Amino acid sequence: MAAKLSAVLDVHHCNISYPSDKNQPPHFTSPLRISTKKFTIFCTSSKSPPKTAPGKAESRKRKTPSLSEQLKPLSNTILSDRPNESHQLLSKPKSVWVNPTKPKPSVLSLQRQKRSSYSYNPQIRDLKHFAKKLNDCDPADDAAFQAILEEIPHPPNRDNALLVLNSLRSWQKTLLFFNWIKTLNLFPLETIFYNVTMKSLRFGRQFQHVENLANEMIENGVELDNITYSTIITCAKRCNLFDKAVQWFERMYKTGLMPDEVTYSAVLDVYAKLRKVEEVMSLYERGRASGWKPDPIAFAVLGKVFGEAGDYDGIRYVLEEMKSLGVQPNLVVYNTLLEAMGKAGKPGLARSLFEEMLDSGITPNEKTLTALIRIYGKARWAKDALELWDRMRLNGWPVDFILYNSLLSMCADLGLEEEAERLFEDMKGSESRKPDSWSYTAMLNIYGSGGNADKAMRMFEEMSEKGVELNVMGCTCLIQCLGRAKRIDDLVQVFESSVNGGIKPDDRLCGCLLSVVSYCEGEDVNKVLACLHKANQNLVAFIKSLEEEDTKFENVKQEFKGILSNTAVDARRPFCNCLIDIFRNRNLRERAHELLYLGTMYGLYPGLHTRTEEEWRLNVRSLSVGAAHTALEEWMQTLTKLVQRREALPEVLSASTGAGSHKYSQGLANAFASHAEKLAAPFKLREDKAGGLFVATREDVISWVQSRAASLASIA
DNA sequence: CTAGGGTTAG
């Protein structure tokens, strides 16, 4: 979709044609055009805005540039070339207008469209009853519907028809009723009739019907107003037809209608859905420059955009902007920003924002609490998570099914087995919140990561008894657990029944099988490999070829590259880690070194080795035990060469293993310590520092290398 | 869903 929209922006909409409409007012005189000029003040270089490409000259001749044309110079000259400056620029919107004598160009109407008020309809009871009959009739039976229509209790005049139209539920019936009114031809169908019908169609995600009605309005000379356009735009958005949404927005300007803030923020959200941060900001800035004081909904859209980009500066910008405009965030804005904080990896700031929200007198809802619980779980902030859970109960804050499941997942993240069991039992006892596949997955995750294979298997059996389907994540948790318990026959059985039950193994499941291969022995290896073969043939073929002594490095490289490029980004490093472990455990260390080399080359271990003048550090926190051993050996070899060549070393050499924040983490620090001991390497754990840091001085390393060289020499 | 815009789960 994103590609589609950018294509639309690039071709400047030359190919869009609308039905002729004669009754349109004259085009607006370029509400946005001035901005091209205006924005040159933001350019630090003295260059003028980029020239339009020759092929696009024609579209420039139009009286009113399309929105995309107007956006383009902006994003070319300012935003996309200097992404880091954008916030700095955006934080000073008031500086945009250098010449106060010129009127501000307007991109939106500061006045919201007025709605006509309904007058009381004395026939309301009869007509509601009639509408109910229409709603209740068999949707497949058109004849029955027609028959009921004939029995309308009062004449279908304007007000009566409107009332019924508003009361129909399904889009099919709304459309049938609308067409019936049209054929009766008792009064002209005004805009509101189209708007009400479109709203119903939008509910049914029927964009084609909506667009047909819009074109009919144009043909019949019925005015399209802001309500029409915002309904069309949001309908296109819900149907993921973003290019259509933009087309209709641009049509407003072309026909001389100015969007109000509702239509405008609907379009902001279109660009937000496309993750076009620059376009969102440029629209926002233009709106601001037109004197718009955005309301909380517009800020919620901005917050979402930055959250999805994980852009903390952007989130802060939204908060500051609201503050400086005196806009008080509402519940939805807080929810959006909290979630954004989570995506930007700022649990502490999420926590303080939540407190700020409470201080301002807003009561959290299910979404607020789901977001926070999830953030604390992912951050492994057990204390805050449990505290929040207590407060939820104490204050009687609202809870729903998703929140229950999120609490279970949080327990899985934190290894809170008892709490999860209690909650799970609660859910079973309730009528409305029976555990579903999400709930069972969380339980499988808890038992799986806790190594409790019996309880995990009991969950698995219970699921099939209750008819709750296992999903791929639950399957992965279970297989991981059975693998660790060395219950390989059970593992095979679970895998096969899952695949037969329709689960499509994903890369995470393959990674899980691969890790089981790395630590099991004998015939078990082949059993697991047979499962893996069903999920990913290439991976098994790759392992087989690495086992062959005469497979050349160049072939390893090509095959591994092929494997990685077919693997989800998140699963690439785990794959490489497991493969290294597999070959270390089989005493094929050379293969392990090759794989680590290739993994580093393909960017799976960024920052594996970092250097400053004083310190060189090996960062193995994202490595498996075998990969960490391999990396340490590799590093020692390198250091040995450097010492022998009498090259300069920094004062401090260190290795960082990470503390292993997960309750069940394998203890990379311990494994590393024992390996260093085996090599008699002089790395000592710094007890005073958190996060598993092993440190050696330059002198220790030099003397260690020399003594090793001496002992090797004496053996020779 | 009483004509229009924004927020919940591996």
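If you're wondering where the values come from, they're calculated on a predicted model, not measured in any experiment. Each chain gets a letter, A, B and so on, in the order its sequence line appears, and its residues count up from 1.
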- Query: Mapping A/Phe401 and A/Arg202 to their closest nucleotides on DNA chain B, which lands nearer the 5' end?
  - Reply: A/Arg202
- Which residue pairs satisfy the salt bridge (Lys or Arg N to Asp or Glu O under 4.0 Å) criterion with at least one member in residues 201-214 of chain A, sequence neighbours excluded? A/Glu211-A/Lys244
- Query: With sequence neighbours left out, what residues match A/Asn226 under side-chain hydrogen bond (donor to acceptor under 3.5 Å, both in side chains)?
  - Reply: A/Thr263
- Query: Under 30°, 30 to 60°, or over 60°: which ring-plane class applies to A/Tyr194 and A/Phe178, parallel, tilted or perpendicular?
  - Reply: perpendicular
- Minimal non-hydrogen separation, A/Val301 against A/Ser265, with atom names: CG2-O, 4.4 Å
- The complete set of side-chain hydrogen bond (donor to acceptor under 3.5 Å, both in side chains) pairs with one or both residues in residues 168-177 of chain A, sequence neighbours excluded, reads A/Thr174-A/Ser200
- Task: Mind listing the residues from residues 125-137 of chain A sitting with a heavy atom below 4.0 Å of DNA chain B? Number order is fine.
- Result: A/Lys128
- Query: Taking 4.0 angstrom as the limit, do A/Asp426 and A/Arg422 come out as a salt bridge?
  - Reply: no
- Note on the structure: Expected list for residues 327-345 of chain A near DNA chain B, using heavy atoms below 4.0 Å, is A/Asn330, A/Val332, A/Val333, A/Asn335, A/Thr336, A/Glu339
- Task: Take the angle between the ring planes of A/Phe354 and A/Trp397 and call it parallel below 30°, perpendicular above 60°, tilted in between.
- Result: perpendicular
- Message: Applying a 4.0 Å non-hydrogen cut-off, can you work out what A/Thr231 is touching in the nucleic acid: base, sugar-phosphate, or nothing?
- Response: sugar-phosphate
- Message: Looking only at the aromatic ring of each residue, does the gap between the centers of A/Tyr271 and A/Phe242 stay below 6.0 angstrom?
- Response: no
- When you list every nucleotide of DNA chain B with an atom under 4.0 Å from a heavy atom of chain A, which one comes first 5' to 3', and which comes last? B/dC1 to B/dG10
- Message: Students often get this wrong, so: under 4.0 angstrom with heavy atoms, is A/Asn405 touching a base, only sugar-phosphate, or nothing?
- Response: base
- Query: Under the 3.5 angstrom rule, does the side chain of A/Tyr404 hit a backbone N or O of A/Pro435 as a donor-acceptor pair?
  - Reply: no
- With no hydrogens and no angle check, do the side chains of A/Glu387 and A/Tyr376 hold a donor and an acceptor under 3.5 Å apart? no
